[in-house]
Amino acid sequence: FIKKEIYFASDLRGSHTTVESVDFVSPTVANEVDCLYDAIMILGAPTPEGQQTLVNTRILSTRYRHTLRFESGRWLVAEEQRLDDLGDGDLCPA
């Protein structure tokens, strides 16, 4: 991203993650399902006139499953699986 001068806009435009469920497999392993509402703009290098270049402005909701492992006092993401592309807009549960 840095070499291509691509970066995320500072305005999150309401993006959020909703945790839908957490299942503990053991004291150190858990499975979590969440819904990500992604409305963040991805920007590119400015034009010669100094205008922002928009690389991606798509707003969508996606459901993921994460396997988490508790290591050294922290929960870390060990695996991520995309479950569903729900579509455009904020379609995550409130």
Just by modelled atom types, is the [Y] backbone N or O under 3.5 Å from a matching donor or acceptor in the [X] side chain?
X: Arg63; Y: Asp84; answer: no
X: Asn56; Y: Arg58; answer: yes
X: Ser61; Y: Tyr37; answer: no

Report yes if the side chains of [X] and [Y] come closer than 4.5 Å at any heavy-atom pair, otherwise no.
X: Glu5; Y: Thr53; result: no
X: Gln52; Y: Met41; result: no
X: Leu54; Y: Leu43; result: yes
X: Ile6; Y: Ile42; result: yes

Checklist entry - Which residues satisfy the side chain to side chain donor-acceptor pair (under 3.5 Å) test with Glu80, sequence neighbours excluded? => result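 With sequence neighbours excluded, Glu80 shows a side chain to side chain donor-acceptor pair (under 3.5 Å) to His66, given in chain and number order.
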Checklist entry - Among all residues two or more places apart in sequence or in another chain, which pass the side chain to side chain donor-acceptor pair (under 3.5 Å) test with Thr67? => result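 Thr67: side chain to side chain donor-acceptor pair (under 3.5 Å) contacts with Asn31.
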Item to check | Step-by-step side-chain contact (heavy atoms from CB on, under 4.5 Å) determination, Asp90 to His16 | outcome: CA-CA 9 Å; Asp90 188 354; His16 62 88; 3.0 Å; yes
Checklist entry - Which class fits the ring pair Trp75 and Phe24: parallel under 30°, tilted 30 to 60°, perpendicular over 60°? => result perpendicular
Item to check | Closest contact, heavy atoms only, Leu68 versus Glu32 | outcome: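 In terms of heavy atoms, the two residues are closest at CD1-CB, 4.1 Å.
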Checklist entry - Once you round to the nearest 0.5 Å, how far does CG of Leu60 lie from CG of Asp88? => result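 If we round to the nearest 0.5 Å, Leu60:CG and Asp88:CG are 6.5 Å apart.
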Checklist outcome for this item: In this structure, CD of Glu79 is separated from CZ of Arg69 (nearest 0.5 Å) by 6.5 Å
With hydrophobic residues grouped by side-chain heavy-atom distances under 4.5 Å, do [X] and [Y] end up in a single group?
X: Phe70; Y: Val19; result: yes
X: Val55; Y: Phe8; result: yes
X: Val22; Y: Val29; result: no
X: Leu12; Y: Leu36; result: no

Checklist outcome for this item: Grouping ILVMFWY residues whenever side-chain heavy atoms fall under 4.5 Å, the cluster of Leu83 otherwise contains Val33
